[in-house]
Amino acid sequence: MIARIPVKLLKRCPAVVHISITKRCNLNCKKCYYKGEENPVLIRRIIKDIALSEAKAVAIGGGEPMLHLEIEHFINFLVKSGKIVSVTTNGTICKPY
């Protein structure tokens with residue numbers, strides 16, 4: 001069952017919200033606990049709810065969040081809503097400019 005939280009209650013949220021957007025990763029660390037199934041519909045809804053909340057910042061993680069097909073959209077959407085966005089990545093797929 002998915003918990004449904006009314007947006008008006010999200011106004012009483014912490015300054016920073018942490019969200020794991022994927023369980024996929026390009027590494028295979030033995031002790032990693034980010035394995036299992038994902039719910040992309042739920043992730044999109046949570047991103048939207050965070051954008052509407054009064055949280056000041058969002059920390060996006062995962063697995064490896066840079067592998068998520070919508071990562072750029074999520075970051076842009078959250079920034080446009082006034083959030084400070086950080087992404088925790090293992091950095092192995094980042095390319096220098």
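In this text the structure is predicted, and so the values were computed from the model without any measurement. Just so you know, these numbers use all the heavy atoms, side chains as well, and skip hydrogens, waters and symmetry mates.
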Asks: Out of curiosity, Ser53 OG to Ile46 CD1, how far, rounded to the nearest 0.5 Å?
Replies: 12.0 Å
Asks: For Glu64 and Asn26, does a side-chain donor sit closer than 3.5 Å to a side-chain acceptor?
Replies: no
Asks: Can you pull out every ring pair (Phe, Tyr, Trp, His ring centres under 6.0 Å) where at least one residue sits in residues 41-68? Sequence neighbours excluded, please.
Replies: His68-Phe74
Asks: Using the rule that Ile, Leu, Val, Met, Phe, Trp and Tyr join whenever any side-chain heavy atoms are under 4.5 Å apart, tell me whether Ile19 and Leu42 fall into a single cluster.
Replies: yes
Asks: Looking at Lys23, I'd like to know if its NZ atom is crowded, meaning that more than 12 non-hydrogen atoms belonging to other residues, nucleotides or ligands lie closer than 6.0 Å.
Replies: yes
Asks: Could you note down all residue pairs passing salt bridge (charged side-chain N to carboxylate O under 4.0 Å, His left out) where residues 72-81 supplies at least one of them, sequence neighbours left out?
Replies: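 Qualifying pairs: none.
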Asks: Do Val79 and Val16 share a hydrophobic cluster (ILVMFWY, side-chain heavy atoms under 4.5 Å, transitive)?
Replies: no
Asks: Any chance you could measure Lys48, atom NZ, to Ser81, atom OG, to the nearest 0.5 Å?
Replies: 12.5 Å
Asks: I need the single residue from Ile60, Asn76, Thr22 that forms a side-chain contact (heavy atoms from CB on, under 4.5 Å) with Ile71. Which is it?
Replies: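 Only match with Ile71 under side-chain contact (heavy atoms from CB on, under 4.5 Å): Ile60.
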Asks: Between Leu67 and Arg24, what is the shortest heavy-atom contact and its length?
Replies: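 Nearest pair, atom of Leu67 first, then Arg24: O-NH2, 3.2 Å.
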Asks: Kindly give the heavy-atom pair with the smallest separation between Pro65 and Val87, and that separation in Å.
Replies: CG-CG1, 3.6 Å
Asks: Could you grab the distance from atom NZ of Lys83 to atom CD1 of Ile47, nearest 0.5 Å is fine?
Replies: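 Between Lys83 NZ and Ile47 CD1, I get 11.5 Å after rounding to 0.5 Å.
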Asks: Which residues pass the side chain to side chain donor-acceptor pair (under 3.5 Å) test with Arg44, sequence neighbours left out?
Replies: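 Partners of Arg44 by the side chain to side chain donor-acceptor pair (under 3.5 Å) criterion, ordered by chain and then number, come out as Glu70.
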Asks: With rounding to the nearest 0.5 angstrom, report the CE to OG1 distance, Met66 to Thr92.
Replies: 10.5 Å
Asks: Minimum heavy-atom separation for Asn90 and Cys25, please, with both atom names.
Replies: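 The pair with the smallest heavy-atom distance is ND2-SG, 3.7 Å.
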Asks: Kindly work out whether a path of hydrophobic side-chain contacts (I/L/V/M/F/W/Y, heavy atoms less than 4.5 Å apart) joins Ile93 to Ile75.
Replies: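 Linked within one cluster.
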